[in-house]
Amino acid sequence: AVFLLGSFLLLETARADAERTAYLPLLGSVMLFLLALGSKEVAVAALPFYAAIIFLKKSDESDKIKLSAGRPAVIAIALFALSAAAYLAGRMAVVGTFAKHVEDSAPLTAVFLTLPRAVMFYIGHAATPIWLSPNYSIRPIETFELTAFAVPLLVVAAIFVGFWAAIKSN
C-alpha cells in the first residue's frame, strides 16, 4: 500500500510538471508500481486509478475536470499497462495459470451479486495487505440480500464519491 501510494504521488508530480524532467517522477512512479505488484489485485485494480490521474485534469479557468489525452498521457498509461501485463505474464509462467479453476463455480448472476462485496474487499485489501493468500474466502452471493449486496454497493459508491470529491477539490 505504501509503494502504491508513493507511485500515485510521484505520478501526480510528473503530471503537474510540464518540464522535460517530468520523466524522472514518472519512472519513479512506475518503479514503485512494480514494487507494489505483490498481488494480481494491484495489477488489475490500480490501472483505472492511474488512468484517472493521467487523463483527468482540473481546468485552470474553472472548477471543471476535463479530459487530457495527449501523447505523454498515452505513453504514461502504456508504461503502467505494460508493467502490469509483464507482471501478470510472469505470474502466469510461475503459477501456471491466471487463477486456479474452481469446480462447481457460481452462476453468472452470483458474479454480479457478489461484485460489490468483492470490490469492497479488494479496495480494503489494497489499502491494508496484511493477509496475503492465493485464494480468499469471498463466497458467492446467489440470492439478493440487502446486507450482502446493497450495503457493500453503498460503501463502494461512497468510496468512489469520496475519491471524486477529492479530485474535484484538489
Side-chain angles (χ1 to χ4, degrees), residues 1-16 25-26 28-59 62-69 73 76-81 83-85 87-88 91 98-99 102 105-170:
V2 172
F3 294 130
L4 191 60
L5 180 60
S7 177
F8 286 147
L9 291 174
L10 279 176
L11 180 60
E12 179 60 28
T13 301
R15 190 179 67 89
L26 176 62
S29 178
V30 171
M31 295 303 293
L32 287 175
F33 175 68
L34 289 171
L35 289 173
L37 286 175
S39 64
K40 68 180 184 294
E41 294 80 13
V42 170
V44 174
L47 285 179
F49 291 103
Y50 282 103
I53 292 171
I54 291 169
F55 291 116
L56 298 178
K57 186 175 181 181
K58 189 173 178 182
S59 175
S62 66
D63 244 0
K64 296 188 178 185
I65 294 176
K66 64 179 182 174
L67 185 63
S68 170
I77 196 64
L79 286 172
F80 290 103
S83 298
Y87 166 78
L88 291 173
R91 182 183 187 280
F98 181 74
V102 178
S105 60
L108 188 60
T109 56
V111 172
F112 289 112
L113 290 173
T114 310
L115 186 62
R117 177 181 280 180
V119 170
M120 188 174 73
F121 172 81
Y122 284 122
I123 288 172
H125 196 71
T128 58
I130 296 171
W131 297 279
L132 295 177
S133 172
N135 293 309
Y136 296 105
S137 63
I138 299 175
R139 296 287 160 236
I141 301 167
E142 297 190 15
T143 60
F144 179 81
E145 298 173 16
L146 186 65
T147 58
F149 177 76
V151 172
L153 182 64
L154 291 173
V155 169
V156 169
I159 290 170
F160 282 113
V161 166
F163 275 117
W164 183 259
I167 289 170
K168 282 190 76 150
S169 70
N170 195 358

Asker: Considering all heavy atoms of both residues, which atom of Pro116 and which atom of Val156 are nearest to each other, and what is their separation?
Answerer: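 It is O-CG2, 3.6 Å.
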Asker: Taking all atoms of both residues into account, what is the closest heavy-atom pair of Leu47 and Ile77, and its distance?
Answerer: O-CD1, 4.2 Å
Asker: What are the two closest heavy atoms between Ala46 and Leu4, and how far apart are they?
Answerer: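 Scanning both residues, the minimum pair turns out to be CB-CD1, 4.1 Å.
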Asker: Return the minimal non-hydrogen interatomic distance between Arg117 and Arg139, and the atom names on each side.
Answerer: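 Heavy-atom minimum between the residues: NH1-O, 4.4 Å.
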Asker: Nearest heavy-atom pair of Thr147 and Pro152: which atoms, and what distance?
Answerer: O-CD, 3.4 Å
Asker: In sequence, state the C-alpha distance, the side-chain angles, and the governing distance for Leu26 and Leu10, and then conclude on side chain to side chain contact (heavy atoms under 4.5 Å, CB included).
Answerer: CA-CA 7 Å; Leu26 176 62; Leu10 279 176; over 6 Å; no
Asker: Please find the pair of heavy atoms, one from Leu37 and one from Ser83, that lie closest to each other, and give the distance.
Answerer: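 Taking Leu37 first and Ser83 second, the nearest heavy atoms are CD1-O, 4.0 Å.
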Asker: Applying side chain to side chain donor-acceptor pair (under 3.5 Å), can you list everything that pairs with Ser29, at least two apart in sequence or on another chain?
Answerer: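 Counting only residues at least two positions away or on another chain, Ser29 forms a side chain to side chain donor-acceptor pair (under 3.5 Å) with Ser7.
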Asker: What orientation do Phe160 and Phe163 show, parallel under 30°, tilted 30 to 60°, or perpendicular over 60°?
Answerer: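 Answer is tilted, since the angle falls between 30° and 60°.
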Asker: Is the shortest heavy-atom distance from the side chain of Phe149 to the side chain of Thr114 under 4.5 Å?
Answerer: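 No; the side chains remain at least 4.5 Å from each other.
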Asker: Could you check whether atom CE of Met31 has more than 12 heavy atoms from other residues, nucleotides or ligands sitting under 6.0 Å from it?
Answerer: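 Result for CE/Met31: open.
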Asker: Kindly indicate, with the supporting measurements, whether the criterion side chain to side chain contact (heavy atoms under 4.5 Å, CB included) is fulfilled by Leu34 and Tyr87.
Answerer: CA-CA 8 Å; Leu34 289 171; Tyr87 166 78; 5.8 Å; no
Asker: What I'd like to find out is whether the side chain of Thr109 reaches to under 4.5 Å of the side chain of Glu142, using heavy atoms alone.
Answerer: no
Asker: Test ring pair (Phe, Tyr, Trp, His ring centres under 6.0 Å) on Phe33 and Phe8; report intermediate values, then the result.
Answerer: CA-CA 8 Å; Phe33 175 68; Phe8 286 147; 8.6 Å; no
Asker: Taking only residues two or more places apart in sequence or in another chain, which ones pass ring-ring contact (aromatic ring centres under 6.0 Å, His included) with Phe112?
Answerer: none
